[in-house]
Amino acid sequence: MAKQVTPEEVARRLQYGEEIFVIDVRQGSEVATGKISGAKHIPLGHLALRTNELDKDKTYIVTCQSGNRSKAACGILEALGYKTLDMMGGMNNWRGEKE
């Protein structure tokens, strides 16, 4: 099971200028309301088809709206050999800036 990270921790890492890699697995209509700055948008249903866009040497923070799809996405990515952190509560709990 994926390790979890709080939205506050993600925001803190961004604030300190740490290079982080966020994947947002929500649908396009949800992402249109705003996503974490720099996040890569890959809808959950496309994830397995788009892993060629990812790097197995990086750790990805995965988010969705409430935390259910990100948990599933972490399971898919980890089964394929990627390192992930699941952002608890998803964008519902995000208080940081959005783009």
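- Lys71 is linked by a side chain to side chain donor-acceptor pair (under 3.5 Å) to nothing, counting only residues two or more places apart in sequence or in another chain.
- Atom-to-atom distance recorded for Leu14:CG and Ser37:OG is 7.0 Å, nearest 0.5 angstrom.
- Between atom SG of residue Cys74 and atom CG of residue Leu85 there is a gap of 7.5 Å, rounded to the nearest 0.5 Å.
- Here the straight-line distance linking atom CE of Met91 with atom NZ of Lys35 works out to 9.5 Å at 0.5 Å rounding.
- Considering every non-hydrogen atom in both Asn52 and Leu49, the closest pair reads OD1-O, 3.8 Å.
- Expressed to the nearest 0.5 Å, how far OG1 of Thr51 lies from NE2 of His46 amounts to 13.5 Å.
- Between Arg12 and Glu8, no side-chain nitrogen of the basic residue sits less than 4.0 Å from a carboxylate oxygen of the acidic one, so the salt-bridge criterion is not met.
- Rounded to the nearest 0.5 Å, atoms CD1 (Ile61) and CD (Gln4) are 12.5 Å apart.
- Within the hydrophobic cluster formed by Ile, Leu, Val, Met, Phe, Trp and Tyr side chains joined at under 4.5 Å, directly or through other members, Tyr60 is accompanied by Phe21, Ile23, Val25, Ile42, Leu44, Leu47, Leu54, Val62, Ile76, Leu77, Leu80, Tyr82.
- Summarising the geometry of Glu97 relative to Trp94, their closest heavy-atom pair is O-NE1, 3.0 Å, with the distance given to 0.1 Å.
- Contact between Pro43 and Arg50 at its shortest, heavy atoms only, is CD-NH1, 3.9 Å.
- If you chain together ILVMFWY residues whose side-chain heavy atoms come under 4.5 Å of each other, Val31 ends up in a group of its own.
- Every residue two or more places apart in sequence or in another chain was checked for a side chain to side chain donor-acceptor pair (under 3.5 Å) with Lys56, and none qualifies.
- Glu99 places a side-chain N or O within donor-acceptor distance of the main-chain N or O of Gly38, the cut-off being under 3.5 Å.
- With rounding to the nearest 0.5 angstrom, the OG1 atom of Thr84 is 9.5 Å from the NZ atom of Lys3.
- Partners of Ser70 under the side chain to side chain donor-acceptor pair (under 3.5 Å) rule, at least two apart in sequence or in another chain, are Asp86.
- Every residue was checked against the salt bridge (Lys or Arg N to Asp or Glu O under 4.0 Å) condition with Glu78, not counting sequence neighbours, and none meets it.
- The existence of a salt bridge linking Arg69 and Glu30 is confirmed by a sub-4.0 Å separation between a basic side-chain nitrogen and an acidic carboxylate oxygen.
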Side chain to side chain contact (heavy atoms under 4.5 Å, CB included) evaluation trace for Ile36 with Asp24
CA-CA 8 Å; Ile36 296 171; Asp24 191 322; over 6 Å; no
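- Annotation for Val5 and Glu9: closest pair CG2-CG, 3.4 Å, computed over non-hydrogen atoms.
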Lys58 and Lys83: CA distance, side-chain angles, deciding distance, side chain to side chain contact (heavy atoms under 4.5 Å, CB included) verdict:
CA-CA 7 Å; Lys58 295 176 179 170; Lys83 297 183 287 277; over 6 Å; no
